[in-house]
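What you see is a predicted model; the values in this text were computed from it and never measured.
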Amino acid sequence: MPTPVLVIPAPSQPSLAVAGMSARFPVRRIFCVGRNYADHAREMGHDPDAEPPFFFTKPGDAVVESGANIPYPPQTSDLHHEAELVVAIGMGGAEIAREDALLHVWGYAAGNDLTRRDLQAAAKSARRPWDMAKGFDHSAIIGLVHRAADGVVPQGRIRCMVDGKLTQDADLAEMIWPVADVIAFLSRFVMLEPGDLIMTGTPAGVGPIASGQTCVVEIDGLSPASVTVG
Ligand code: MN
């Protein structure tokens, strides 16, 4: 197909730095899992045994690389951190079988699903969508992508620190739906494509990041995802 002539300049392609490589990972869409750790589901007032995984999205250009300084987001006074394992999809597919799911993974990263918690609470009570609570500018902080082909297997601790104070501390094994299940489930709803990211949910301990604070997500074996706000 010939390259189309565009009436305005093409939007830039969001991408992420890759550990040990100069080439970058192009970002297409960002899917996020809600309530994938039982203790976080409970802290948000839900029964973790009652629900299959559910998904929401952020725009692909919400990605921010680790180390960035972002403005305090507008329309909120309760910006929250959510430490999450991020899966980078390298091979697309629909109706992916659980047993084949990890073949679709290009890599893994640490991430922070920034959330305007006050807007989310208002949306929940009004039965409105979460988009403005979750899918805002600079809302997906993501560390270096580590290649699965290099033998990287996500396991061990996931932690979050705000100005050095530990706020979230869990083990990836506590995920209700492990990575393979998340991919299998999500691929029943959409055709996954190379470049898609999946933020796999957060453990208990979510809380605010104030203006001027630095928030760091650490996952064993992966590069951290750090952001300074305001
Ligand atoms: Mn989340």
Side-chain angles (χ1 to χ4, degrees), residues 11-12 14-19 24-25 27 29-37 39-40 43-44 56-88 108-124 128-146 157-170 197-220 222-230:
S12 60
S15 64
L16 291 169
V18 174
R24 297 172 64 83
F25 184 86
V27 176
R29 299 170 292 184
I30 307 174
F31 297 98
C32 307
V33 184
R35 296 170 209 145
N36 201 14
Y37 291 77
D39 50 1
H40 174 62
E43 81 177 347
M44 300 303 283
F56 57 91
T57 62
K58 295 174 185 275
D61 63 3
V63 290
V64 175
E65 288 192 321
S66 181
N69 191 322
I70 64 167
Y72 195 90
Q75 300 292 329
T76 184
S77 52
D78 197 19
L79 178 69
H80 271 210
H81 59 77
E82 294 192 355
E84 313 207 358
L85 172 69
V86 181
V87 177
Y108 299 98
N112 191 342
D113 166 20
L114 292 182
T115 301
R116 295 193 279 211
R117 192 71 72 200
D118 42 3
L119 295 196
Q120 188 193 31
K124 283 179 178 176
R128 287 178 178 163
W130 288 9
D131 301 50
M132 293 300 108
K134 289 289 196 178
F136 52 96
D137 299 337
H138 317 298
S139 59
I141 317 302
I142 302 188
L144 296 180
V145 181
H146 291 253
R157 306 305 291 179
I158 176 169
R159 293 188 187 83
C160 186
M161 272 83 61
V162 177
D163 276 359
K165 180 173 176 288
L166 188 66
T167 54
Q168 294 183 275
D169 186 6
L197 301 178
I198 307 173
M199 304 190 81
T200 57
T202 198
V206 299
I209 310 171
S211 193
Q213 289 188 314
T214 296
C215 181
V216 182
V217 173
E218 289 181 353
I219 294 177
D220 287 354
L222 301 177
S223 301
S226 170
V227 67
T228 301
V229 176

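The SG atom of C160 sits 10.5 Å away from the NZ atom of K165 when rounded to the nearest 0.5 Å. Distance check, rounded to the nearest 0.5 Å: NE2 of H80 to CG of D118 gives 8.0 Å. In this structure, F56 CZ and T115 OG1 are separated by 6.0 Å, a value rounded to the nearest 0.5 Å. We find the CG-CD distance between L166 and E218 to be 9.0 Å, quoted to the nearest 0.5 Å. Summarising the geometry, atom CG belonging to D137 is positioned 9.5 Å from atom CD1 belonging to I70; distances are rounded to the nearest 0.5 Å. The structure places CE of M199 at 7.0 Å from CD1 of I30, a figure rounded to the nearest 0.5 Å.
Across all their heavy atoms, Y72 and I209 have their closest contact at CE1-O, 3.4 Å. In terms of heavy-atom proximity, S223 sits nearest to L144 at OG-CD1, 3.5 Å. When all heavy atoms of I142 and A225 are compared, the closest pair comes out as C-CB, 4.2 Å. Of all non-hydrogen atoms in F136 and P73, the two that sit nearest each other are CE1-CG, 3.7 Å. Between V63 and P14, the shortest heavy-atom distance links the atoms CG2-CB, 4.0 Å. Closest approach of C215 and V162 over heavy atoms only: SG-CG2, 4.1 Å.
Under a 3.5 Å cut-off, the side chain of S66 and the backbone N or O of P224 do form a donor-acceptor pair. One N or O on the side chain of E43 and one on the backbone of G205 form a donor-acceptor pair closer than 3.5 Å. R116 places no side-chain N or O within 3.5 Å of a backbone atom of Q75 that could act as its donor or acceptor partner. Of the possible polar contacts, none joining the S211 side chain to the G230 backbone as a donor-acceptor pair under 3.5 Å is found. Counting only distance, with no hydrogens or angles, the side chain of E84 and the backbone of G201 share a donor-acceptor pair below 3.5 Å.
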Original post:
Checking side-chain contact (heavy atoms from CB on, under 4.5 Å) for the pair V86/L222: CA distance, chi angles, key distance, verdict?
Top reply: CA-CA 10 Å; V86 181; L222 301 177; over 6 Å; no
**OP:** Any chance you could lay out the side-chain contact (heavy atoms from CB on, under 4.5 Å) test for Y108 and V145, step after step, and finish with the verdict?
**Re:** CA-CA 5 Å; Y108 299 98; V145 181; over 6 Å; no
Subject >> Test side-chain contact (heavy atoms from CB on, under 4.5 Å) applied to S139 and K134, step by step >> reply: CA-CA 7 Å; S139 59; K134 289 289 196 178; over 6 Å; no
**OP:** Applying side-chain contact (heavy atoms from CB on, under 4.5 Å), run through T214 and S226 and close with a yes or a no.
**Re:** CA-CA 7 Å; T214 296; S226 170; 3.7 Å; yes
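Under the side chain to side chain donor-acceptor pair (under 3.5 Å) test applied with T202, the options H81, Q168, E82, R35 reduce to a single match, Q168.
Around the CZ atom of R157, the shell of radius 6.0 Å holds more than 12 heavy atoms that belong to other residues, nucleotides or ligands.
Counting heavy atoms from C-beta outward, V206 and H40 have side chains that approach closer than 4.5 Å. The closest side-chain heavy-atom distance from K58 to C32 is below 4.5 Å.
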